[in-house]
Amino acid sequence: MDYGTYRGILTLVILVLFIVIVLWAYSKRTKSRFDDAAKAIFDDEIKHDNTISKEEKESEK
């Protein structure tokens, strides 16, 4: 086999790997996990905001 054949096989392997990753990312089994991860940043902000407001209330006393 020559260099061109190796490049063709590598391209095919990368294409198949890409398709597998896309199918995995858009599968229904992983949807809830990705939704939770997407909402996690907002949960941190809410917790942080609550902490700040509690500290402000304590300092007002």
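For this chain, numbers begin at 1 and follow the sequence in order.
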Colleague: Supply the atom-to-atom distance Thr30 OG1 to Asp35 CG, rounded to the nearest 0.5 angstrom.
Modeller: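 It is 9.0 Å, given to the nearest 0.5 Å.
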Colleague: So Thr11 and Leu15, do their side chains get closer than 4.5 Å, heavy atoms only?
Modeller: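 No. Closest side-chain heavy atoms not under 4.5 Å.
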Colleague: Is it the case that one hydrophobic cluster holds both Phe18 and Tyr26, taking links as side-chain heavy atoms less than 4.5 Å apart, direct or via other members?
Modeller: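 Same cluster: Phe18 reaches Tyr26 through Ile, Leu, Val, Met, Phe, Trp or Tyr contacts under 4.5 Å.
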Colleague: To the closest 0.5 Å, what do you measure between CG (Asp36) and NZ (Lys31)?
Modeller: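 Answer rounded to 0.5 Å: 10.0 Å.
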Colleague: Among Val20, Ile19, Ile21, exactly one meets side-chain contact (heavy atoms from CB on, under 4.5 Å) together with Leu23. Which residue is that?
Modeller: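 For Leu23, the side-chain contact (heavy atoms from CB on, under 4.5 Å) test succeeds with only one of Val20, Ile19, Ile21, which is Ile19.
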Colleague: Applying salt bridge (charged side-chain N to carboxylate O under 4.0 Å, His left out), name anything that partners Asp2, two or more places apart in sequence or on another chain.
Modeller: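 Checked Asp2 against salt bridge (charged side-chain N to carboxylate O under 4.0 Å, His left out); zero matches.
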